[in-house]
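One structure is given below, encoded as C-alpha cells.
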2 protein chains.
Amino acid sequence: MKKALYKQIEEKIEERILANEYGSRNRLPSEYELAEEFAVSRLTIRKALQQLIDKKMLYRRENAGLYVMSKPKIVSGKGGLHSFSEVAKKQGKSVHTRVLDFQEIPYQQEIWEELEAAEEEKILHITRIRSLENEPMTIEELWIRRKYLPEKLSTTLFTQSIFQLIEQKIKLAYSHQEIEGRVANKKEADLLKIKENSAILHVHSITYGVTGVPILVDSSFYRADKYKFQTTYIRNGEEK
Amino acid sequence: MKKALYKQIEEKIEERILANEYGSRNRLPSEYELAEEFAVSRLTIRKALQQLIDKKMLYRRENAGLYVMSKPKIVSGKGGLHSFSEVAKKQGKSVHTRVLDFQEIPYQQEIWEELEAAEEEKILHITRIRSLENEPMTIEELWIRRKYLPEKLSTTLFTQSIFQLIEQKIKLAYSHQEIEGRVANKKEADLLKIKENSAILHVHSITYGVTGVPILVDSSFYRADKYKFQTTYIRNGEEK
DNA sequence: AAGTGGTCTAGACCACTGA
DNA sequence: CAGTGGTCTAGACCACTTA
C-alpha cells in the first residue's frame with residue numbers, strides 16, 4: 001500500500017523541524033501556505049500537523065499559529081505499553097526467563113472478576129523469574145484467559161514474550177497498572193537474590209485487548225535497587 | 001461560543017452507547033448512515049467518532065466497521081497529569097500542607113540542567129510535607145524556575161496547589177516521572193511518622209509547559225503503606 | 001461484488017488574535 | 001483590520017473486508 005499523503009508530509013515537516021529549519025519556538029508558515037507549498041488541500045496539511053502535535057513536536061496557540069516545541073521529540077516513544085522483554089530488547093540487554101510453574105487453576109473469585117470471566121472459563125496461571133544480564137529482576141505471576149493462548153502449550157513457550165504470544169491471537173490495546181512499594185520477605189528475597197527487607201516494587205496490572213476485553217492479570221515484584229518505572233502524564237486541556 | 005457540531009454528535013452517540021442502544025461489542029451503523037441520520041457531512045461524523053475511539057468507547061476494525069468497546073469508559077479520566085491536591089480533592093479527602101522551607105538557591109549543575117536554565121537564572125527550592133486526612137503522606141522537594149511564579153511570594157502561597165499557582169502564568173502540558181522503591185532512613189521516617197526501614201516510593205519528575213519548556217522538578221517521597229500510583233499505558237499500533 | 005472505511009479535494013463561513 | 005485557525009460541506013476514488 002502506498003503511504004498516505006499526510007504521512008509523507010508529516011515526515012517532511014518533522015525532518016525540517018529536526019534540522020531546525022523553522023528554529024526553536026518559532027512560528028511555522030500558516031496552514032494555507034503549507035497547503036500551497038505541498039500542493040495539497042488544507043485538510044491534508046491539518047492531518048499531518050495534528051500528528052506532529054500529538055507527538056509533541058509542535059504546539060498550537062489558539063487562533064494564532066503553530067510553533068515548534070522547545071525540546072522537540074522529548075516525549076516520543078515514552079509512555080507506551082511494552083512488555084519486560086520488549087523494554088529489554090530496546091535497551092539491548094539480554095533477557096533470561098525461568099518458568100517456575102504453569103497450570104490451569106480452579107475458580108478464584110478475585111481473579112475471575114478482574115478478567116470478567118465466567119466461572120467455567122479456563123484460566124492459566126504462570127509464575128516466572130525474569131533476569132536482565134543474568135541478574136534476577138522480577139518475579140512475575142500471570143493469569144491469562146486460556147482462550148487467548150495457542151492450543152498447544154509448553155514450558156518453552158513461556159520463556160518468550162507473553163505479549164507477542166497473545167498478539168498472535170488478539171491485538172493488545174492498553175493496560176491499567178498500580179505500583180506499590182514493599183519490603184521483600186524471605187521467599188521473595190531468595191528468588192531475587194537480594195537481602196530480606198530490601199525494597200521491592202509491586203506492580204499489579206490488567207491488560208486489555210483492542211475490543212476492550214480483559215486478557216491477562218499480572219502481579220509482579222521488581223527489585224527496587226535495579227529497576228524503576230517511567231511514565232509520562234499528559235495534562236488534559238479540557239476537563240468536563 | 002456555540003458548541004461544535006461534532007462535539008454535539010459525539011455526546012449524542014456517547015449517550016446511546018451508555019444507554020446500550022447499540023449493545024455491547026456490536027456494530028454501529030456505517031459512517032454514511034450516521035452522516036445521513038444527523039444530516040451532516042461524513043467528515044463531521046468521523047471527527048465525532050474519532051473522539052470516542054480516543055476515549056476507548058469505540059474501536060475500529062480496519063475497513064470493516066465500528067464496534068462498541070466491551071467495557072466502555074473504563075479508561076476515561078485515568079492517566080492524566082494531576083497534582084497531589086487535585087487527586088485528593090477528586091477523592092473528597094482533606095489536604096494539609098506544611099511548608100518547611102522556601103528560598104532561592106545557588107547554582108547547582110544537576111537541577112539547572114534538568115530545567116534547562118541559564119546559570120544566572122533564579123530557581124526557587126521548596127520543601128513541604130503533605131498530609132491526607134491528617135496523616136503525612138509525602139515529603140515534597142520542588143525546584144521551580146522563579147519566572148513562572150508570581151512576583152510576591154509568601155509561605156501561605158505554597159500551602160496550596162503549586163500547579164494551579166503556576167498555571168496562572170503558563171499552562172502545563174506533561175510530566176515525565178520516574179518511580180523508584182527505597183526504604184526510609186531515620187529522617188524520612190520521622191517526617192512521615194513511619195518506622196525506619198519501611199518501604200517508601202521515590203518519585204522524580206520534570207513538568208513541562210505547553211511550549212515544551214521545563215517548569216519544575218519534583219522529588220518526592222511517599223509512604224508506601226498508604227499510597228500507590230496508577231497509570232494507564234497505551235499500546236502503540238504502529239511502531240517505526 | 002457490495003459495502004465500508006481511509007484518504008483527499010476545493011471550496012466556504014466564522015471567531016478569534018494580533019498589529 | 002487582515003490573517004489565522006476551527007469547523008463544515010458535498011462531493012470523489014481507492015483498498016480492503018466480508019459474504
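Each chain gets a letter, A, B and so on, in the order its sequence line appears, and its residues count up from 1.
- A search for side-chain contact (heavy atoms from CB on, under 4.5 Å) contacts involving Lys89(A) returns nothing, not counting sequence neighbours.
- For Tyr222(A), the ring-ring contact (aromatic ring centres under 6.0 Å, His included) partners two or more places apart in sequence, or in a different chain, are Tyr227(A), Phe229(A).
- For Glu62(A), the CD atom sits in a loose shell: 12 or fewer heavy atoms of surrounding residues, nucleotides or ligands are nearer than 6.0 Å.
- Annotation: side chain to side chain donor-acceptor pair (under 3.5 Å) contacts of Lys122(A) (sequence neighbours excluded): none.
- Summary for the helix from dA1(C)-dT18(D) to dG18(C)-dC1(D): the axes at its two ends, each from 5 pairs, differ by 20° when rounded to the nearest 10 degrees.
- Atom-to-atom, CG of Leu34(B) to C1' of dT9(D) comes out at 17 Å; the value is rounded to the nearest Å.
- Whole-Å rounding puts the Leu66(A) CG to dG3(D) P distance at 18 Å.
- By the side-chain contact (heavy atoms from CB on, under 4.5 Å) test, Ser154(A) is found to be paired with Thr156(A), Leu157(A), residues two or more places apart in sequence or in another chain being considered.
- Among residues at least two apart or in separate chains, salt bridge (Lys or Arg N to Asp or Glu O under 4.0 Å) pairs with a member in residues 159-170 of chain A are Glu151(A)-Lys169(A), Glu167(A)-Arg235(B).
- Partners of Arg46(B) according to the side chain to side chain donor-acceptor pair (under 3.5 Å) rule, which considers only residues two or more places apart in sequence or in another chain, are Glu31(B).
- The stretch residues 36-48 of chain B comes close to DNA chain C through Arg42(B), Arg46(B), each having a heavy atom under 4.0 Å from the strand.
- Considering only residues two or more places apart in sequence or on other chains, Glu21(B) meets the side chain to side chain donor-acceptor pair (under 3.5 Å) condition with none of them.
- Toward the 5' end of DNA chain C, the nearer of the two residues Tyr32(B) and Tyr32(A), judged by each one's closest nucleotide, is Tyr32(B).
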Please tabulate, one pair per line, each protein N/O and nucleotide N/O from nucleotides 17-19 of chain D that are separated by under 3.5 Å, including the distance.
from: dT18(D); atom 1: OP1; to: Arg61(B); atom 2: NH2; distance (Å): 2.5

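- Nucleotide dT7(C) holds its P atom 12 Å from the CD atom of Glu10(A), rounded to whole Å.
- The side-chain contact (heavy atoms from CB on, under 4.5 Å) search around Thr155(B) returns Val99(B), Phe102(B), not counting sequence neighbours.
- Taking the side chain to side chain donor-acceptor pair (under 3.5 Å) definition, one finds that Asp54(B) meets it with Gln50(B), sequence neighbours left out.
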